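In what follows, a single structure is set out as structure tokens and then discussed.
The residues of the chain are indexed from 1 along the displayed sequence. This structure is a prediction, so every number in the text was calculated from the model and none was measured. Only heavy atoms go into these numbers, but all of them, side chains included; no hydrogens, no water, no symmetry mates.
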Amino acid sequence: MPDVPVARRMLFSERRRALLGIAGITVSLLLMLTLDAIFAGATRQLTRYIDSSPAAVFVSQAGVRTMHMSSSSLSISAVADVAAVPGVAWAQPILYQSGSLTASSARQLAYLVGYLPGEPGGPTRLAQGAAPGRGDMVVDDRAADAMGLSVGDRVEALGRSWRVSGMTSGLTNISNTVAFVDFRDFASSARLTGTASYVLVGLAPGFTAASVAAAIESRTGLTAQTRAEFSIQERGIVRDMSTDLMAIMTVAAFAIGLAVVGLTLYAATLGRLREIGVMKALGAPPSKLGRIVLTQALWTIAPALGLAIGLALILSVVVEWVSPNVTMAVEPASVFRASVGAALLGAVGAASPLFKVARVDPATVFRRSL
């Protein structure tokens, strides 16, 4: 008889036990996927401004490769130098600074961006209201809700008061938000006249971002990165800042989750040890017994993994609805890690009791319990 039908029939001969095993492994895998998804979502939100920008290349002060926890300062004349590089369709400066928004007793950490309204560098879309005029600010709608702000209200930032002229969306995460003001107002308030923090670059037809970035660096001596490279660098520094905490949390979650997987499948095999012993007594070779046990493990882990992924995706929607500032992103790499870990620990847990069967005399299996 083929191994798969035997394994499946043995596994589901006691459906309650089989379903409880699948449920336990589902919960453990969901724990692993949820933790990774929260971290991945928070990291993605931190680079949302970069990822959604129409710029193909970001230019910064020489040696500066990130926005987060970095300070970049360029002469405003660098904009013209960058614009003169072949392959550059447009070049626009922005000013950038970390700070906070304050309204009444509410306070929100924020990245503040100064741009020329009507040019690239500002919000990619407005959920309501208008782009900032002089003395105006565009804030993210989630941050506005948290602070009780509406279009027309006043908010404090950069040492002065601003009128909320509009709202964008998708730029608030668990720790901070992004707000936009007129480039000239930013320069005046922060006393940064004659400088820019970064230059955003669009491509001319027929050119690639990588070739234009290399040409900008060669001609100007500034640091130029493609949007993808800039985003990777930004995510990298965020991960580095939270490495210790996330490493502890991730290791703990994986250790707990994989322990549950291994112990569940160990118990499942142990509960069917007599049947396996009978098969051995009837002449089944160890290789066949091993295949049957591993097939049972597969039939347990596969539906549990599918359920865990589905529940994680549903949970990501629910969490964002309940707490809009928290975003979960279930990434393929996270699913791969959970799958491989569960398969390895599951195989070890399921096959471990077979060593006990190997030591049993086949003649005794019908007379006493294993």
Side-chain angles (χ1 to χ4, degrees), residues 43-98 111-126 131-132 138 168-171 178-187 190 192-240 331:
T43 305
R44 281 188 185 183
Q45 285 297 99
L46 282 171
T47 61
R48 184 69 177 271
Y49 171 72
I50 298 171
D51 296 335
S52 62
S53 172
V57 175
F58 285 76
V59 181
S60 57
Q61 178 182 330
V64 177
R65 296 192 171 276
T66 61
M67 298 181 80
H68 192 80
M69 302 296 291
S70 298
S71 177
S72 173
S73 180
L74 307 171
S75 170
I76 199 69
S77 62
V79 180
D81 295 337
V82 171
V85 174
V88 174
W90 53 263
Q92 291 295 326
I94 64 168
L95 286 166
Y96 170 86
Q97 190 176 86
S98 59
Y111 295 127
L112 306 168
V113 177
Y115 77 108
L116 296 172
E119 301 293 343
T124 53
R125 72 181 188 89
L126 291 174
V138 167
T168 185
S169 63
L171 295 176
V178 180
F180 302 89
V181 299
D182 187 286
F183 185 93
R184 294 157 294 182
D185 283 339
F186 194 121
L192 295 173
T193 305
T195 65
S197 301
Y198 300 88
V199 179
L200 277 57
V201 174
L203 298 181
F207 290 85
T208 65
S211 64
V212 171
I216 291 172
E217 287 196 348
S218 176
R219 293 203 175 200
T220 66
L222 302 172
T223 293
Q225 301 173 91
T226 67
R227 180 173 58 238
E229 292 171 341
F230 197 38
S231 183
I232 290 171
Q233 292 288 340
E234 189 77 357
R235 293 180 188 180
I237 194 172
V238 173
R239 287 192 176 98
D240 290 343
E331 297 185 327

May I ask you to test the [X]-[Y] pair for a side-chain heavy-atom distance under 4.5 Å?
X: Met67; Y: Phe230; result: yes
X: Asp51; Y: Arg235; result: yes
X: Ser60; Y: Arg65; result: no

With sequence neighbours left out, write down each residue that passes side chain to side chain donor-acceptor pair (under 3.5 Å) with Thr226, or none if nothing qualifies.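 Testing Thr226 for side chain to side chain donor-acceptor pair (under 3.5 Å), a comparison that skips the adjacent residues, returns Glu229.
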Of all residues at least two apart in sequence or in a different chain, which pass the side chain to side chain donor-acceptor pair (under 3.5 Å) check with Arg184?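 By the side chain to side chain donor-acceptor pair (under 3.5 Å) rule, Arg184 matches Asp182.
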Say whether, by atom type as modelled, one donor and one acceptor occur between the side chain of [X] and the main chain of [Y] under 3.5 angstrom.
X: Arg227; Y: Ala55; answer: yes
X: Gln61; Y: Ser73; answer: yes
X: Thr223; Y: Gly63; answer: yes
X: Glu234; Y: His68; answer: yes
X: Arg219; Y: Val82; answer: no
X: Thr220; Y: Ile216; answer: yes

Pairwise ring pair (Phe, Tyr, Trp, His ring centres under 6.0 Å) hits with a residue in residues 73-94, at least two apart: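 Pairs touching residues 73-94 that pass the test: none.
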Would you please name every residue forming a ring-ring contact (aromatic ring centres under 6.0 Å, His included) with Tyr49, sequence neighbours left out?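 Tyr49 satisfies ring-ring contact (aromatic ring centres under 6.0 Å, His included) with Phe180 only.
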With sequence neighbours left out, write down each residue that passes ring-ring contact (aromatic ring centres under 6.0 Å, His included) with Phe183, or none if nothing qualifies.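 Phe183 satisfies ring-ring contact (aromatic ring centres under 6.0 Å, His included) with no residue once adjacent residues are dropped.
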Mind listing the closest non-hydrogen atom pair of [X] and [Y] along with its distance?
X: Thr195; Y: Leu95; result: O-CD2, 3.6 Å
X: Tyr115; Y: Gly122; result: CD1-N, 3.4 Å
X: Ile94; Y: Gly121; result: CG2-CA, 4.1 Å
X: Ala56; Y: Ala209; result: O-CB, 3.8 Å
X: Leu126; Y: Ala131; result: CD1-N, 3.4 Å
X: Ala215; Y: Val85; result: CB-CG1, 3.7 Å

Rounded to the nearest 0.5 Å, what's the gap from [atom1] on [X] to [atom2] on [Y]? Could you check?
X: Leu192; Y: Ser197; atom1: CG; atom2: OG; result: 6.5 Å
X: Leu222; Y: Leu74; atom1: CG; atom2: CG; result: 5.5 Å
X: Ser72; Y: Gln97; atom1: OG; atom2: CD; result: 12.5 Å
X: Gln233; Y: Ile50; atom1: CD; atom2: CD1; result: 10.0 Å

Give the ring-plane orientation class for Tyr96 versus Tyr198, where under 30° counts as parallel, over 60° as perpendicular and anything between as tilted.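 Rings of Tyr96 and Tyr198: perpendicular, over 60°.
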Donor-acceptor list for residues 200-208 side chains, cut-off 3.5 Å, not counting sequence neighbours:
{"unit_1": "Thr208", "atom_1": "OG1", "unit_2": "Ser211", "atom_2": "N", "d": "3.2"}
{"unit_1": "Thr208", "atom_1": "OG1", "unit_2": "Ser211", "atom_2": "OG", "d": "2.9"}

Between Arg125 and Ser169, do the side chains contain a donor N or O and an acceptor N or O under 3.5 Å apart?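 Yes.
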